[in-house]
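Just so it is clear, the values below take in all heavy atoms, side chains as well, and ignore hydrogens, waters and symmetry mates.
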Amino acid sequence: MAVSLATSFTALAKETFSLANIQAERRELEMASATDKVDVIQDIDQRIADSHNDQVRRASLYIVKANILQHHGLKAIEDNIAKALLLIDEQTQPELYLYAMVVKSYGMYIYQNQAEQAAIVLEKVQQHPALKNDLYVQVQGLSSLLEVYYKLKDFNKIAKPLFQLARTLTSKEIAPEYQGFFKELDAELAYHSGLIGDTNQAIAGYRKIITDSKPKGQIENIAVANCNIANMYFLPLAEKIQYAKASLAAARNLSCSDAMEKLVLLDEVQQGNLSNIARLSQFHSNQQMPSLNQRSAYYAGLAYLQLNDLAGAQSMANRMTDTENWERYDLLQKIYEKQGNYRDAFTASQRYHQLRAQKDADARALMLSSYQTRLEMAQEDTIAAEQAKQAEQLQAAEQKAEARLQLMLTVIAAGVGITVVLTLYLYRSRQLQRKLQQLSDTDPLTGLLNRRAFLRQAEHLKQLAERQQFPLSVALIDLDFFKQINDQYGHQAGDTVLCAFAKAANSTLRQTDLCGRFGGEEFILLTTQQDTAAFAASLQRLQQCFSELCLQDKQLGYAVSFSAGITTVFEQNAGINQQIEDAIRQADEHLYRAKANGRQQVCTEDLCLQLVSA
């Protein structure tokens with residue numbers, strides 16, 4: 001293959017390459033590298049040796065090499081970019097300089113945790129006038145800028161470059177040689193869908209990339225796409241494992257392969273296969289992505305917990321140094337619980353739930369920002385189309401020497417058209433905002449309030465209780481052995497159990513009670529019951545109804561229980577008046593006591609009662 005690649009550029013080897021020559025050579029090498037990277041890298045090295053008289057071409061080849069090897073570690077990027085920058089000048093070769101900065105920025109935000117610095121570099125690239133001369137660098141730069149904004153959680157900036165990318169790659173004016181060349185749009189849209197929780201759309205996007213890559217033998221694209229699916233936050237663990245296996249089946253030498261291997265090892269341990277457990281403590285040296293290093297340790301830690309190896313699990317937790325990583329606190333709370341250290345388990349649990357709630361809030365913020373930006377850009381397109389139409393009408397009018405009155409009527413008519421269009425968009429915007437508000441307040445699976453909406457309404461109810469002097473109590477509920485249900489019967493059975501609980505809550509609770517899904521298998525109730533004993537009795541009725549629904553369901557056919565912790569939020573006669581968040585933390589402490597006592601119990605500060613199933 002190396003010989004065939006070089007053939008079309010042999011005649012130019014002794015001449016100075018033009019920008020068009022460089023772009024054509026880059027396209028050829030990039031396309032070939034998707035099927036046989038090893039041979040392409042060897043071919044690039046040979047071309048570099050042959051082009052010693054042409055510094056510009058050599059610089060271009062170094063940048064192409066760095067870009068092709070971007071998933072193989074920071075050193076490959078930095079070494080080749082450094083060599084390229086010694087050969088080019090920003091003023092005389094601006095297009096190559098911009099290309100080098102885009103590739104360099106990838107190493108900054110992926111391997112060095114320098115997302116803010118990378119954003120500065122990429123924003124300067126977008127503002128450079130020479131960018132218009134190189135569509136390839138435009139697309140790569142927009143894609144990288146999107147990834148940086150995701151990492152920085154700068155949601156107000158994400159949607160615009162995403163839709164600019166869509167405009168660029170779907171334009172009718174795109175050069176024929178670039179038709180079908182870029183995969184960035186499919187990848188970015190899939191990644192975006194995964195972040196806002198639309199897993200079905202995300203998976204469909206990645207599968208399209210996989211389908212397009214298979215006939216071409218592009219195994220790295222296939223591996224990375226499956227890896228991206230497996231890393232989606234909203235995807236259940238059982239499904240993550242399947243995509244991790246598919247990623248490893250395609251390729252095992254990528255920066256995400258180690259995390260995929262640990263995920264598969266976790267599955268093997270859960271299935272009782274211990275033949276490969278020695279690999280749990282082995283980490284590949286070429287994996288330098290901090291986020292994936294953390295995830296590898298998390299999966300290995302879960303596997304050690306499955307083996308009851310607390311020392312091994314703790315060693316994995318020690319590798320997870322990111323204090324904003326919810327996986328770290330999930331692992332810590334499980335370790336502490338197995339150690340019987342319920343105080344530290346409670347502290348870790350609180351942090352875990354805070355970080356999970358923040359990720360959910362981030363997803364909603366990104367979704368709202370995306371809809372708003374799409375609406376704004378649609379309005380811009382409409383105005384631009386109307387303005388273009390006006391210009392065409394004016395030119396035609398001048399050419400035909402129409403009367404001034406006719407020209408004025410034409411302009412007025414176009415102005416009315418713009419007003420109508422803008423009014424329509426504003427009306428649709430208000431409708432969309434109302435619908436998004438409803439969607440953002442509701443848990444999509446159970447139909448109950450989500451965490452954010454529950455806390456907001458709970459604050460309103462507490463203020464009302466204080467004014468009208470009626471009592472208020474809160475319960476935090478956790479479904480017993482829910483993880484085992486998911487692992488043994490699958491994610492669909494787990495969803496059925498969650499929906500059964502929601503149905504039981506709607507059937508047994510009073511209209512004045514608030515009920516929401518707090519996260520995962522946790523639910524939360526706020527009631528105006530006179531005292532905690534009466535509240536416990538209502539939970540007993542909820543348990544009975546819940547168990548009956550699970551028994552009657554054809555997919556389940558067995559009873560499921562829950563544990564709960566309850567506490568008083570406001571009680572005038574008892575002199576109790578605490579913040580909602582403080583009451584929830586107290587209820588969580590009682591919940592841990594209920595689970596530690598054997599589950600299927602409800603605990604208050606003074607007592608624990610057994611909940612009897614149907």
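Residue E116 places its CD atom among 12 or fewer non-hydrogen atoms of other residues, nucleotides or ligands, all under 6.0 Å distant.
Annotation: cation-pi geometry not satisfied between K240 and Y299 (NZ/CZ under 6.0 angstrom from ring centroid, within 45° of ring axis). For the pair R319 and F283, the distance from NZ or CZ to the six-membered ring centre is under 6.0 Å and the angle to the ring normal is within 45 degrees. Geometrically, R26 engages Y99 in a cation-pi contact defined by less than 6.0 Å to the ring centre and at most 45° from the axis.
Put simply, the residue from K214, K208, K216 that forms a salt bridge (Lys or Arg N to Asp or Glu O under 4.0 Å) with D212 is K208.
Counting only heavy atoms from C-beta outward, the side chains of L235 and I203 approach each other to under 4.5 Å. Side-chain contact check for L142 versus Q126: some heavy-atom pair is nearer than 4.5 Å. Between V103 and I81 there is a side-chain heavy-atom pair separated by less than 4.5 Å. Side-chain atoms of M260 and V264, non-hydrogen and from C-beta on, never get closer than 4.5 Å to each other.
We find that E25 and R47 are joined by a salt bridge, their nearest charged nitrogen and carboxylate oxygen being less than 4.0 Å apart.
Side chain of D43 to main chain of D45: no donor-acceptor pair is present (N/O by atom type, distance under 3.5 Å, no hydrogens or angles). Within the 3.5 Å criterion, the main-chain N or O of S51 finds no donor-acceptor partner in the side chain of R57. S247 contributes no side-chain N or O that, together with a main-chain N or O of A244, makes up a donor-acceptor pair within less than 3.5 Å. Y111 places a side-chain N or O within donor-acceptor distance of the main-chain N or O of G73, the cut-off being under 3.5 Å. Side chain of K37 to main chain of I68: a donor-acceptor pair is present (N/O by atom type, distance under 3.5 Å, no hydrogens or angles). In terms of modelled atom types and a separation under 3.5 Å, the side chain of D330 and the main chain of W326 share no donor-acceptor contact. Formation of a donor-acceptor pair under 3.5 Å by the N276 side chain with backbone atoms of R279 is not found in this model. Using modelled atom types, one side-chain atom of S105 and one backbone atom of V102 make a donor-acceptor pair closer than 3.5 Å. Between the S18 side chain and the N21 main chain, a donor and an acceptor come within less than 3.5 Å of each other. Of the possible donor and acceptor atoms, one in the side chain of T211 sits under 3.5 Å from a partner among the backbone N and O of R207.
A donor-acceptor contact closer than 3.5 angstrom links the side chains of E95 and N133. In the model, R295 has a side-chain atom that pairs as donor or acceptor with a side-chain atom of N231 under 3.5 Å. Looking at Y62 and D79, their side chains never bring a donor and an acceptor atom within 3.5 Å of each other. Between the side chains of N318 and Q314, at least one donor N or O lies within less than 3.5 Å of an accepting N or O.
Taking Y109 as the reference, Y106 meet the ring-ring contact (aromatic ring centres under 6.0 Å, His included) condition, with sequence neighbours excluded.
In summary, the aromatic rings of Y243 and Y206 are positioned with their centroids too far apart to meet the 6.0 Å limit.
Taking CD of Q270 as the start and CG of L307 as the end, the distance is 10.0 Å to the nearest 0.5 Å.
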